[in-house]
Structures are given as C-alpha cells and as structure tokens.
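Below is one structure, written out as structure tokens; comments come after it.
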Amino acid sequence: MKNRHMSEHSPTTPPQAETRAARDWVKILAEYREPSSWRSSFELAATIGPFLLIWILAWLSLSVSYWLTFGLSLLNAAFLLRLFAIQHDCGHGAFFKNRTLSDWLGRALGVLTLTPYDVWQRTHSIHHSSSGNLGRRGMGDVHTMTLAEYREAGTVERLIYRLYRHPIILFGLGPGYLFFLQNRIPLGLMNNLRYWISAMGTNLVILAALAAILYFGGLMPILLIFVPSTLLAATAGVWLFYVQHQFETTHWENDEDWQLHEAALHGSSHYVMPSILQWLSANIGVHHVHHLYSRIPFYRLPEVLRDHSDLAEGNRMTIRESLANARLHLWDEEGRRLLSFSQARARFKELAKPA
C-alpha cells in the first residue's frame, strides 16, 4: 500500500503485514533459528571450493592471457562476496551451533575478505542495535543527515556531505578505502586491546599470504587476481548494504520514539534478485527478516518467506527500482521519506513560504 509520498521506486508493504506488530514476529521467527551442521558445511564447501579453484585457474592462466586471468578474478569476486556473507552469519552465531567454531571460521574468512572479524562483529552488532535511530548514527551505517541538519549546515559541511554521498565516492572509491585501508585499524574501538589484536592479527596473516604470493608468483597474481576480485566484491557488498536501508520509505526515528523491531521490519528492504544472485549473496536481500531475527541461518530465510507470505511481499524492491535509491540522501522527518538534493531544495522553498 503506497502512501502519498511513495514513488514507484519504493518498497511496498501489503496491508496484511501491518496487522501483526513487528515485535510479534520474534516468537514466530525463533522457530527458524537452528542451523544445520551438514547444511552449513555444504554451503561453506560449495563456496570456498570454487573460490580456491578459480584462484588456481586464474594463477595458471597468467601464462596464457592476462585478460583471461582478469576475467577469472572478476568471476571469483562473486564467491568472495558469498564468503563474506558466511562470515556475516558466523558473526551472528547463525552458521554453526558451536559458537567457538563459528567465531574461528569467521576469523579465518576475515583474512580472505580483509575484514578483522572481532572488530566487524562488534560494529555490526551496534548497527543491528541502532539501525534507524537518529540519535545513534555513526557506526556501522551509511551516514545520513536529516533535512533540518542539512538546512542548518554550513557550506563546507554541505559540500563534504554531498561528496560523501556521491555515487563515485560511495560506490567507486569508498569500497576500496573501506576494505584496503579503514579495516586495517579498529576505528571506533581504539581503546580496546581485543579489537587491536583482531585487526593486527588479521593484518599480519594477510601480509604473510601476500608475501607468499609475491615470492612464488611475482606481482601479477596480486594485481590481476587479488586486487580486482577484492574490489569488485567490496563494491557489490557496499551496494547491497546501501540498498538494505537506504530507500525512500525507510524508517528513522528519534531516540525517544525508536523501537528495535519496528526499525528492523520497516527500515530494512526485501531486495528481490534473480536466483543466482540470491544464492551468491546468501539471501542477504531478505534483510527485513534478517534484522527481525539475526540468528536465522541465511539458507533458512527463503523458508521463512515461503511460510509467511506477508513477509515475502513486505518491503519488496527489484534491482531496477533500487537504482533510483542512489539519488536519495536526506531524511525528511516531517514527510518521513528520503529525499534527493533537488527534492530538498524544493522542500526548502516550501518551508520558506509565509504561512
């Protein structure tokens, strides 16, 4: 059901989904929380196996064609993205019943994804506990200003924000900066030794692996396999994270009015993708369900949608619809929607008119 502000690019929520309170879903979704050891092991093998095989083939292809090597590295980005999704489930304790096993698998995968596991786990936990809360922005989210904040900001602050939100920065330069540079230190957790150990330990293993590649294969495996696959996977990951919460009718509230489950259900999208992309992204597009109950293993999320049609239809967004979200940047608290900068200028003119 679309309200008067909702465009054709906005996720939609059917009327029946509004009849059940967001909090009521928790008990229902708890039935899906148990992971299967054999299924998790299969999903891991079905991802790490092709990833390693393609790496080997790409390395061997260096003697045939650099273009072939580069193409294989781009293909491998898809499996690297899926490894990050598995690491994500490990961080939520949703991959293996044994939490210690999940954590150490997550740390190992963090070397491949260039993401210190314990640091990421903590910042991502903060994201889940504060998503959609205007009073707790700043860690594990895409920085979003309100319309009022932008209106009161100075020229320099506005310019910095516009640059930050520009697609070239957000999806071009940003992913490389995030994974190659920012992840190297525990930003936001600098005073805790545990997170320094996580970051520096991951860095040391990454450096050792790159040194071994350099010793046995020279610079080209790094330039034509490691760098392209990591950059493409990072870019895809950033885009997926962006569309999960940045859409016109998303959900933001001030701290005193914010409710965890309401924000989870109404502030997270259901990104509908072709089956192959859904598999490669480990169903992360079913994000409204994931935020409602993060302990559900990714391979059980389609089961939730099959059993509950109201969730299957809620907050749906196609790839074509999602592309329009890249132009939305400011949260209009009164209109309760994200606006583009051009829409914001029109809104400012409306507010400037005499009552």
Side-chain angles (χ1 to χ4, degrees), residues 1-30 32 92 124-147 240-273 283-296 301-302 304-305 307-319 321-322 324-326 328-340 343:
M1 178 182 299
K2 295 185 179 182
N3 62 31
R4 63 187 179 89
H5 295 303
M6 198 177 298
S7 77
E8 65 183 44
H9 304 293
S10 303
T12 58
T13 301
Q16 64 266 33
E18 299 174 0
T19 63
R20 180 179 281 117
R23 185 184 297 273
D24 295 340
W25 280 110
V26 175
K27 184 176 180 180
I28 297 170
L29 296 178
Y32 301 87
H92 285 294
H124 192 66
S125 174
I126 293 172
H127 162 69
H128 268 260
S129 65
S130 63
S131 181
N133 189 327
L134 289 170
R136 295 181 62 192
R137 288 167 289 172
M139 182 173 287
D141 58 9
V142 177
H143 178 45
T144 305
M145 292 180 73
T146 66
L147 190 66
L240 287 172
F241 184 78
Y242 180 86
V243 298
Q244 286 158 8
H245 301 287
Q246 296 281 320
F247 52 92
E248 185 180 355
T249 56
T250 188
H251 184 92
W252 287 94
E253 293 284 3
N254 290 310
D255 191 42
E256 60 271 18
D257 299 318
W258 180 84
Q259 295 290 333
L260 175 66
H261 302 103
E262 291 292 327
L265 179 60
H266 301 296
S268 307
S269 66
H270 174 198
Y271 199 27
V272 182
M273 295 179 281
N283 301 317
I284 199 62
V286 190
H287 211 64
H288 59 323
V289 177
H290 169 67
H291 260 257
L292 274 171
Y293 209 99
S294 61
R295 291 292 300 275
I296 300 175
L301 291 173
V304 174
L305 298 186
D307 293 347
H308 303 283
S309 59
D310 39 0
L311 286 177
E313 295 302 318
N315 286 5
R316 286 174 64 90
M317 180 197 304
T318 65
I319 293 177
E321 290 169 339
S322 73
N325 294 329
L328 304 178
H329 310 291
L330 297 165
W331 176 248
D332 181 358
E333 292 179 89
E334 182 180 340
R336 301 196 61 76
R337 59 172 180 152
L338 276 179
L339 302 177
S340 67
Q343 289 172 324

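Predicted model only: the values in this text are computed from it and were never measured.
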- Passes side chain to side chain contact (heavy atoms under 4.5 Å, CB included), R336 versus E253? Steps please. CA-CA 9 Å; R336 301 196 61 76; E253 293 284 3; 3.0 Å; yes

- Item | CA sep, side-chain torsions, deciding dist, call: R337, L328, side chain to side chain contact (heavy atoms under 4.5 Å, CB included) | CA-CA 9 Å; R337 59 172 180 152; L328 304 178; over 6 Å; no

Main-chain N/O of [Y] paired with [X] side-chain donor or acceptor, under 3.5 Å:
{"X": "S294", "Y": "H291", "value": "no"}
{"X": "H287", "Y": "I284", "value": "yes"}
{"X": "S130", "Y": "N133", "value": "no"}
{"X": "R136", "Y": "S129", "value": "yes"}
{"X": "H251", "Y": "L265", "value": "no"}
{"X": "D141", "Y": "G138", "value": "yes"}
{"X": "R137", "Y": "L134", "value": "yes"}
{"X": "Y293", "Y": "W25", "value": "no"}
{"X": "W258", "Y": "S131", "value": "yes"}
{"X": "H270", "Y": "A312", "value": "yes"}

Side chain to side chain, [X] and [Y], heavy atoms closer than 4.5 Å:
{"X": "V304", "Y": "L311", "result": "yes"}
{"X": "N315", "Y": "Y271", "result": "no"}
{"X": "Y32", "Y": "V289", "result": "no"}
{"X": "M273", "Y": "I319", "result": "yes"}

Quick one: [atom1] on [X] to [atom2] on [Y], what's the gap to the nearest 0.5 Å?
{"X": "Q343", "Y": "L338", "atom1": "CD", "atom2": "CG", "value": "9.5 Å"}
{"X": "T144", "Y": "H329", "atom1": "OG1", "atom2": "NE2", "value": "10.5 Å"}
{"X": "T249", "Y": "M317", "atom1": "OG1", "atom2": "CE", "value": "7.5 Å"}
{"X": "I296", "Y": "N283", "atom1": "CD1", "atom2": "CG", "value": "11.5 Å"}

Search all heavy atoms of [X] against all heavy atoms of [Y] and return the closest pair with its distance.
{"X": "W252", "Y": "Q246", "result": "CZ2-NE2, 4.4 Å"}
{"X": "H266", "Y": "F247", "result": "O-CZ, 3.9 Å"}
{"X": "H288", "Y": "G314", "result": "NE2-O, 3.6 Å"}
{"X": "T146", "Y": "L330", "result": "O-CD2, 4.1 Å"}
{"X": "L292", "Y": "H261", "result": "CD2-O, 3.8 Å"}
{"X": "H143", "Y": "M145", "result": "NE2-CG, 3.8 Å"}

- Query: E333 and N254: side chain to side chain contact (heavy atoms under 4.5 Å, CB included), yes or no, with the steps?
  - Reply: CA-CA 9 Å; E333 292 179 89; N254 290 310; 3.5 Å; yes

- Query: Can you check whether H127 and H245 have ring centres sitting under 6.0 Å from each other?
  - Reply: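 That pair passes the under 6.0 Å test.
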
- Task: Could you tell me how the ring of H92 sits relative to the ring of H124: parallel (under 30°), tilted (30 to 60°) or perpendicular (over 60°)?
- Result: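 Perpendicular.
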
